[in-house]
> 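Sharing a structure here in structure tokens format.
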Amino acid sequence: MIEGQSKARFFSNKMGFILSTAGSAIGLANIWKFPYVVGEFGGGGFILLYFFFLLMIGFPAFFSEILIGKITQKRPDGAFRELSKSKIWEKIGSGTMWTGFLVSSFYSVVAGWILGYLYEALSGNLLHIQTIPTAHGHYLSLMEQPFWGLFFHFLFALVCLWFLLGGIRKGIEKCNKICMPIFFVVLSLLLLWSFTLPTAKETANFFFQCNFSKITPQAVIIALGHAFFTLSVGQGTLVTYGSYLKPHSKILSSASVVVLTDTIVSLTSAFCILSIVSFGNQNIQFGPGLIFETLPTIFSKVTGGYALSCGFFFLVFIAALTSQVSALEPLIAHITEKFSLSRKTSAALVVITSFLLGIPSSLSQSTLSSLTFFGNTFFDIMNFTTTSILVPLGGLSSVLLLGWKFGVHKAFEHLTQEEIHYLQRRSIIKKYFLISIAYIAPIFIVFVFAHAIGIL
Ligand code: PHE
């Protein structure tokens with residue numbers, strides 16, 4: 001069957017799939033969000049909680065989506081239709097692709113800021129920043145210029161387009177095969193450097209400290225939400241990447257490697273950033289403050305601060321690039337097939353539309369800052385609607401489709417013979433998947449969702 005199909009519509013090998021999926025998973029959530037939530041919610045206790053959710057909802061949903069793609073060899077809309085034999089499910093599958101597209105519009109804005117800060121780092125501007133008020137002033141002076149944000153948002157879109165034009169092997173896979181090794185080298189250098197800091201030991205102790213008094217209901221929700229956002233669940237990406245696997249590919253080991261790598265990257269980033277921040281005697285700040293304000297004040301104080309600042313922003317840029325490419329791919333693949341367009345035309349159409357949709361998010365910090373809805377800017381609304389509502393719903397639809405509509409037992413018949421034998425020998429692993437996909441993951445996702453929309 002495969003011989004008759006163009007080879008270019010598959011990843012070239014297991015490594016291509018692993019690197020591309022890891023590239024999608026490892027993103028701003030790992031390097032930006034995870035460190036400050038670990039700092040905020042008391043270290044080791046929060047990490048344990050996060051591991052629990054990762055195992056109970058993140059991994060099962062992640063595995064389900066890859067399996068849905070591999071079984072059907074179709075993009076989310078076709079895949080959902082084929083497994084459910086229903087038009088409604090097809091619409092739900094389509095919806096997940098649009099979620100990825102909506103996420104891409106503001107993800108690109110944030111990635112543009114990262115690119116802008118990379119430029120600041122390269123030009124040495126960050127080395128003059130000594131205090132938080134100066135850092136804050138610098139941050140505001142950049143954000144208040146509408147064209148600064150728009151320019152880097154545009155530049156980032158162009159870099160993504162360049163890779164996306166090339167298709168699966170020559171585009172996505174190539175992007176990840178170049179970027180991910182560089183990412184791991186830069187992260188390892190950052191880790192080695194962090195070990196030399198006097199605060200490294202104290203940070204390591206913090207990771208093993210289980211201060212459960214800091215585990216508030218908010219911490220529980222954050223750990224839960226983060227467990228599937230970081231794995232790119234619920235946005236059509238994993239179903240699409242799964243459909244680029246040849247039907248005889250093994251996915252159990254590849255999926256486990258990706259989840260493990262994503263977790264190691266989150267822990268490493270948290271270790272490095274928290275060591276650096278406590279070395280500078282700074283308190284952890286939320287959101288943009290951490291990367292754009294706290295870290296620059298420290299770069300100016302340490303030896304090798306120039307290389308460190310450039311390396312750090314380059315690292316975050318790569319993480320954002322490989323994630324953004326994966327968020328845009330489902331819709332590109334869909335419109336290429338549906339309207340029989342060339343890959344290049346559909347990539348250009350989707351990237352340009354995502355860029356245009358990102359403009360109001362970009363201007364939310366400047367020209368459109370007063371355009372608010374219940375105190376929220378356009379950027380806030382996009383962020384909240386997608387990450388807190390549409391992503392959990394997308395993840396929920398995948399586990400329900402596999403767990404209830406199609407059936408996990410039936411789905412597992414599509415694993416390779418070797419994987420089926422493995423699961424027969426290790427029945428506990430099989431039970432884990434059956435229970436987590438059909439029961440635990442849906443219940444927890446409903447819980448996050450209910451909280452996000454204020455029911456709980
Ligand atoms: N997983 C990415 C991150 O951790 C975000 C992402 C979600 C990317 C969905 C692509 C698709 O930042």
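The basis for the numbers below is simple: all heavy atoms, side chains too, and nothing from hydrogens, waters or symmetry mates.
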> Is the shortest side-chain heavy-atom distance between Phe314 and Ile182 below 4.5 Å?
yes

> Leu49 versus Ile215: any side-chain heavy-atom pair under 4.5 Å?
yes

> With distance as the sole test, does His248 use its side chain to make a donor-acceptor pair with the main-chain N or O of Thr416 at under 3.5 Å?
no

> Taking Ser12 as the fixed residue, which of Lys174, Arg169, Glu173, Lys246 is the one that meets the side-chain hydrogen bond (donor to acceptor under 3.5 Å, both in side chains) rule?
Glu173

> Is a donor on one side and an acceptor on the other found under 3.5 Å between the side chain of Lys70 and the backbone of Pro247?
yes

> Only counting residues at least two apart or in another chain, list the ones meeting side chain to side chain donor-acceptor pair (under 3.5 Å) with Tyr107.
none

> Starting at CG of Leu423, measure out to CG of Leu252 and round the result to the nearest 0.5 Å.
5.5 Å

> Counting only heavy atoms not in Glu418, do more than 12 fall under 6.0 Å of its CD?
no

> Side chains of Cys160 and Leu321, heavy atoms from C-beta outward: is any pair under 4.5 Å?
yes

> Is the backbone of Ile172 close enough, under 3.5 Å, to the side chain of Asn176 for a donor and an acceptor to pair up by distance?
yes

> Using the ring of each side chain (for Trp, its six-membered ring), is Phe292 parallel, tilted or perpendicular to Tyr117, with breaks at 30° and 60°?
tilted

> For Phe154, does the CZ atom have more than 12 heavy-atom neighbours from other residues, nucleotides or ligands under 6.0 Å away?
no

> Once you round to the nearest 0.5 Å, how far does OG of Ser243 lie from CZ of Arg9?
6.0 Å

> Report yes if some heavy atom in the side chain of Tyr36 is under 4.5 Å from a heavy atom in the side chain of Leu274; otherwise report no.
no

> Let me confirm one number: the CG-OG distance from Leu197 to Ser278, rounded to the nearest 0.5 Å.
8.0 Å

> Taking all non-hydrogen atoms of both residues into account, name the closest pair between Ile389 and Pro392 and its distance.
O-CD, 3.3 Å

> Any side-chain to backbone donor/acceptor pair from Ser323 onto Ile26? Under 3.5 Å, distance only.
yes

> Once salt bridge (Lys or Arg N to Asp or Glu O under 4.0 Å) is applied, do any residues pair with Arg81, and if so which ones, sequence neighbours excluded?
Glu90

> Where the side chain of Glu65 meets the backbone of Gly234, is there a donor-acceptor pair that is under 3.5 Å apart?
yes

> Does Lys250, at its NZ atom, have more than 12 non-hydrogen atoms belonging to other residues, nucleotides or ligands within less than 6.0 Å?
no

> Within this structure, what is the OG-CD1 distance for the pair Ser194 and Ile276, rounded to the nearest 0.5 Å?
5.0 Å

> Does CG in Leu192 sit with more than 12 non-hydrogen atoms of other residues, nucleotides or ligands closer than 6.0 Å?
yes

> Can you see whether Lys405 engages Ser86 through a side-chain donor-acceptor pair at a distance of less than 3.5 angstrom?
no

> Scan Tyr50, Trp32, Phe53 and name whichever one has a ring-ring contact (aromatic ring centres under 6.0 Å, His included) with His226.
Tyr50

> Ser105 side chain to Leu102 main-chain N or O, any donor-acceptor pair under 3.5 Å?
yes

> At their closest point, which heavy atom of Ser20 faces which heavy atom of Tyr241, and how far apart are they?
O-CE2, 3.5 Å

> Ignoring hydrogens, what is the shortest heavy-atom contact between Gly236 and Thr240? Give both atom names and the distance.
O-OG1, 2.6 Å

> As an exercise, state the distance from CH2 of Trp89 to OG of Ser94, rounded to the nearest 0.5 Å.
13.5 Å

> Taking only residues two or more places apart in sequence or in another chain, which ones pass side-chain contact (heavy atoms from CB on, under 4.5 Å) with Ser104?
Phe101, Gln324, Ala327, Leu328, Ser354

> Step through it carefully: locate the ring centre of Trp113, locate the ring centre of Phe313, and say whether they are under 6.0 Å apart.
no

> Taking the side chain as C-beta and beyond, is there a heavy-atom pair between Phe184 and Val265 under 4.5 Å?
yes

> Taking the side chain as everything from C-beta on, heavy atoms only, tell me whether Trp404 gets closer than 4.5 Å to Tyr439.
yes

> Measuring only between side-chain heavy atoms, which start at C-beta, is Met382 closer than 4.5 Å to Leu357?
yes

> Can you give me the closest heavy-atom contact between Phe229 and Thr387, atom names plus distance?
CE1-CG2, 3.5 Å

> Return the orientation label for the Phe59 and Phe433 ring planes: parallel under 30°, perpendicular over 60°, tilted otherwise.
tilted

> Is there a donor-acceptor pair under 3.5 Å between the side chain of Tyr432 and the backbone N or O of Leu55?
yes

> Evaluate the side-chain proximity of Ser398 to Ile68: yes if any heavy-atom separation is below 4.5 Å, no if none is.
yes

> Counting neighbours of OH on Tyr119 that are heavy atoms of other residues, nucleotides or ligands and sit closer than 6.0 Å, is the number greater than 12?
no

> Between the side chains of Ser24 and Thr237, does any donor sit under 3.5 Å from an acceptor?
no

> Indicate yes or no: does Glu329 engage Arg343 in a salt bridge with an N to O separation below 4.0 Å.
yes

> Kindly state whether the ring of Phe17 and the ring of Tyr244 have centres lying under 6.0 angstrom apart.
no

> Ignoring hydrogens and geometry, is there a side-chain-to-backbone donor-acceptor pair from Ser388 to Thr385 under 3.5 Å?
no

> How about Phe195 and Phe271: are their ring centroids closer than 6.0 Å?
yes

> Can you find a side-chain donor-acceptor pair between Thr199 and Glu202 that sits under 3.5 Å?
no

> Could you measure the distance from the CG atom of Leu54 to the CE atom of Met56? Nearest 0.5 Å is fine.
11.0 Å

